[in-house]
Amino acid sequence: MPQGRSLSAEFFNRPAEEVAPALLGKALVRRRERKRTVYRITETEAYVGPHDLASHAARGRTRRTEPMFGPPGSLYIYLVYGMHWMLNVVTGEIDYPAAVLIRSVKTITGPGRLTRALGITGALNAHQASARSGLWFADLGERVVPQEIVRTPRIGVDYAGPVWAEKEYRFLISSPMSSGKHVRQV
DNA sequence: GCAGTGATCATA
DNA sequence: ATGATCACTGCC
């Protein structure tokens, strides 16, 4: 199975709202026990900076949020509701807290289900995404055109107040089935 | 619809 | 030390 070229830190060194759609169609690669599995990313969310009231970083630099202030391409993984690990990749320059939440890959929908299926826990928190850590991102060479990308408000962030809860920082690859139309393949 | 679950953070 | 909150999921 092709796994493509690993995405460098430079790919992540730009605003989260740019990285989030750019990750659609890219690969999330997991290595466990010498087995590699490649997953196509289908849904992401951007948490854009310290002024973003939906972001943990809006509460400042604490032990929990410290990884968000790390270098681009590092991982921010935290537990929510005492049960579900959330996988994020840090974006932008060091000391600027921003990240992209990986919400779904093909065949696995939901950020908590995703980490459970891939065996991702806080053990990888603050690590760089890399072959070394066993979790990284890659370019499959697949083209995702802007027309295939759908934007919506983020999920589960009503606590942020209307202005920030309504920002369209969630990105999905539109599925031909859900659009109710068949698509001619080129 | 709503309970489960436990780390984190603010308050004290 | 205590209590509220929570970037979710699964079952009623």
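Proteins get letters first, then strands, A, B, ... in listed order; numbering begins at 1 in each.
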Protein-proximity profile, nucleotides 6-11 of chain C, B/S/- by nucleotide at the 4.0 Å heavy-atom cutoff, equals BBBSS-
Holding to side-chain hydrogen bond (donor to acceptor under 3.5 Å, both in side chains), I want the full list of residues that pass it with A:Tyr76, two or more places apart in sequence or in another chain. A:His56
With a 3.5 Å distance limit and no angle check, can you tell me whether A:Arg154 reaches the backbone of A:Ala46 through a side-chain donor-acceptor pair? yes
Are A:Arg170 and A:Thr152 linked by a side-chain donor-acceptor pair shorter than 3.5 Å? yes
Looking at A:Glu142 and A:Arg40, is any side-chain nitrogen of the basic one under 4.0 Å from a carboxylate oxygen of the acidic one? yes
Would you say the side chain of A:Ile41 lies within less than 4.5 Å of the side chain of A:Tyr39, judging by non-hydrogen atoms? no
Dot-bracket pairing map - DNA chain C, Watson-Crick plus G-U, both contacts under 3.5 Å, | cross-strand: ||||||.||||.
If you take the centroid of each ring, where Trp contributes its six-membered ring, are A:Phe11 and A:Phe137 closer together than 6.0 Å? no
Can you measure A:Ile77 atom CD1 to B:dA7 atom C1' for me and round it to whole angstrom units? 15 Å
Could you tell me the separation between the CZ atom of A:Arg103 and the CG atom of A:Leu87, rounded to the nearest 0.5 Å? 12.0 Å
Do side-chain atoms of A:Arg36 reach the backbone of A:Val29 as a donor and acceptor pair under 3.5 angstrom? no
